[in-house]
Amino acid sequence: MARFIKVLVAKPGLDGHDRGAKVLTLGLRDEGFEVIYTGLRQSPEKIVQAALQEDVDVVGLSCLSGAHSYLFPKVVGLLKEKKRDDVLVIGGGIIPPEDVPHLQEEGIAGIFGPGSSIGKIAEFIRENVRERAA
Amino acid sequence: MELVEQMLGSDQLALARLITLVEREASETPQIIKSIYPHTGKSYVVGVTGPPGGGKSTLIDRLTAVLRRKGLTVGIVAVDPTSPFSGGAMLGDRIRMQQHYLDSGVFIRSMATRGSQGGLPRTVRGVIKLLDAAGKDIILVETVGVGQTELDIMEAVDTIVVVLVPEAGDTIQTLKAGLMEIGDVFVVNKADRGGAENLVAELEAMLHQNLKQTWWEVPALTAQAANDIGIEELYERIESHHQALQQMGKLDLKRCEQRKKELTNMIGTKITSKFSELINEGGEFTRYLEIVERGELDPYSVWEEIIYDRVLLRTWMRRLEEEIR
Ligand SMILES: Nc1nc2c(ncn2[C@@H]2O[C@H](COP(=O)(O)OP(=O)(O)OP(=O)(O)O)[C@@H](O)[C@H]2O)c(=O)[nH]1
Ligand SMILES: [Mg+2]
């Protein structure tokens, strides 16, 4: 039985640029992941509801608006509330280095800046995604 | 099963997990299907198919809004192809359905075709059963349909909506063999681009020529999913088809055929996959294989020898019997 890894790529926040998220989506597909892209300007509630229904293994958040310090932890919190704290949450976009420790503390497992290669992200996912009981 | 109990109590997390198990063909699958089976058969299942980019997801989104206004709950299964090269997939249908994300009466699930032939994953029937048991009134299944290989959708749904665009007029003759025969309702979407009325007329002429049955005249409608136009009419036609099927006793007949097909397909898939594993193990068969590999004899002649090789056939049968359990 092959192990398929499902990733939800989402863009919380109000900025209207989703080129990065699209590149990530296609890149991860080419790395062999099943990737769901949910589009621009998603509220954390919508992202988590989609993650729940799709039963994803990973949520990749991309944010360029600067609201990541609020939005990313909010997604992690809601996932926990929905009993999905087993989901691996990673983040990308424009994130100042000084914000990284805070985000990691809040449960964002990996932070990938604009220059990150898809290969690196894929590797990180494969190494850190949790084996699922069910 | 505990997960099944939770799902029947309308727990979304449990439903999502069960779908994953069935989709993976996990060892729990027979047990899951067995325990939900008594709760199935109540949903009405509609397939939405057609060439890429025709507006299927947008149409489903708008149709779902109509269904919700009528107080019906909706399950959506959106299928996209798995890349044969990477094994990955981009599941992009959901992006058109954002207005329903927070509605607890709508459950959306994306599926990749994974190892299945054609446009429909073989596990989709199990997923439909789960949504059915979870109490969804209507289940909408989106698949990409381009030709003959995509006709499996017929075996999984009650009504098929084929979505075309005005420009399809040029290729309609090639569509004839595949999509044209499976549609119960045709929609020419993106009617804002012009040419839709012409295509509808062409479709009607063609559908009239090869009338599938006397009890249902396949309609062709125009729509503008993006502008929310023609959706109510589409709903009405789907509902009329449902009524017609029911009044003629065809719905039961159709589902009965589908169950039969499901079982025979399942047997076929299981035996074929076990059998190819067995053959690849080699053994006595290696001798035949080498003859073909070296090009000494053609495959047909070798086939003739194999079917008279009692010893080999018996070994295969015995091994198959052991393996398949
Ligand atoms: N002009 C016009 N565009 C439309 C209409 N309906 C949908 N679209 C657009 O067509 C594009 C494709 O729509 P989708 O709903 O994703 O089409 P689809 O058939 O689901 O596409 P795939 O799943 O990729 O095969 C989007 O950009 C839609 O906004 C319409 O009525 N008119
Ligand atoms: Mg689509």
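Every chain is numbered from 1, with letters handed out A, B, ... down the list of sequences.
- Taking A:Glu34, A:Arg29, A:Glu54 one by one and counting their heavy-atom pairs under 4.5 Å with chain B, the maximum is reached by A:Glu54.
- A:Gln53 contributes no side-chain N or O that, together with a main-chain N or O of B:Arg109, makes up a donor-acceptor pair within less than 3.5 Å.
- Chain B is approached within less than 4.5 Å, heavy atom to heavy atom, by no residue from residues 107-121 of chain A.
- Heavy-atom distances place both the backbone and the side chain of A:Lys83 under 4.5 Å from chain B.
- Residues satisfying the side-chain hydrogen bond (donor to acceptor under 3.5 Å, both in side chains) test with B:Gln6, not counting sequence neighbours, are B:Glu2.
- Contacts of A:Leu26 with chain B are made by side-chain atoms alone, with heavy-atom separations under 4.5 Å and no backbone atom involved.
- Between B:Thr20 and A:Asp55, the side chains place a donor N or O and an acceptor N or O closer than 3.5 Å (distance only, hydrogens not considered).
- Taking both residues in full, the closest heavy atoms of B:Ser86 and A:Asp30 are given as CB-O, 3.3 Å, listed atom of the first, atom of the second, then distance.
- Proximity of A:Lys82 to B:Leu13: side-chain heavy atoms (C-beta onward) are nowhere separated by under 4.5 Å.
- Among B:Ser110, B:Ala112, B:Gly115, the residue with the largest count of heavy-atom pairs under 4.5 Å with chain A is B:Ser110.
- Under the 3.5 Å distance criterion, the side-chain polar atoms of B:Gln98 are matched with a main-chain donor or acceptor of A:Thr38.
- Both the backbone and the side chain of A:Tyr37 come within less than 4.5 Å of a heavy atom in chain B.
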Practice task
Let me see the working for B:Met90 and A:Leu28 under side-chain contact (heavy atoms from CB on, under 4.5 Å), right down to the final yes or no.
Solution key: CA-CA 9 Å; B:Met90 149 127 185; A:Leu28 290 177; over 6 Å; no
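- Looking at heavy atoms from C-beta onward, B:Glu23 lies out of side-chain contact with A:Phe4 at the 4.5 angstrom threshold.
- Every residue two or more places apart in sequence or in another chain that forms a salt bridge (Lys or Arg N to Asp or Glu O under 4.0 Å) with B:Arg325 is listed here: B:Glu321.
- Against chain B, no residue from residues 91-105 of chain A qualifies, as none has a non-hydrogen atom under 4.5 angstrom away.
- Taking OH of B:Tyr101 as the reference point, atom CG of A:Leu52 lies at 13.0 Å (rounded to 0.5 Å).
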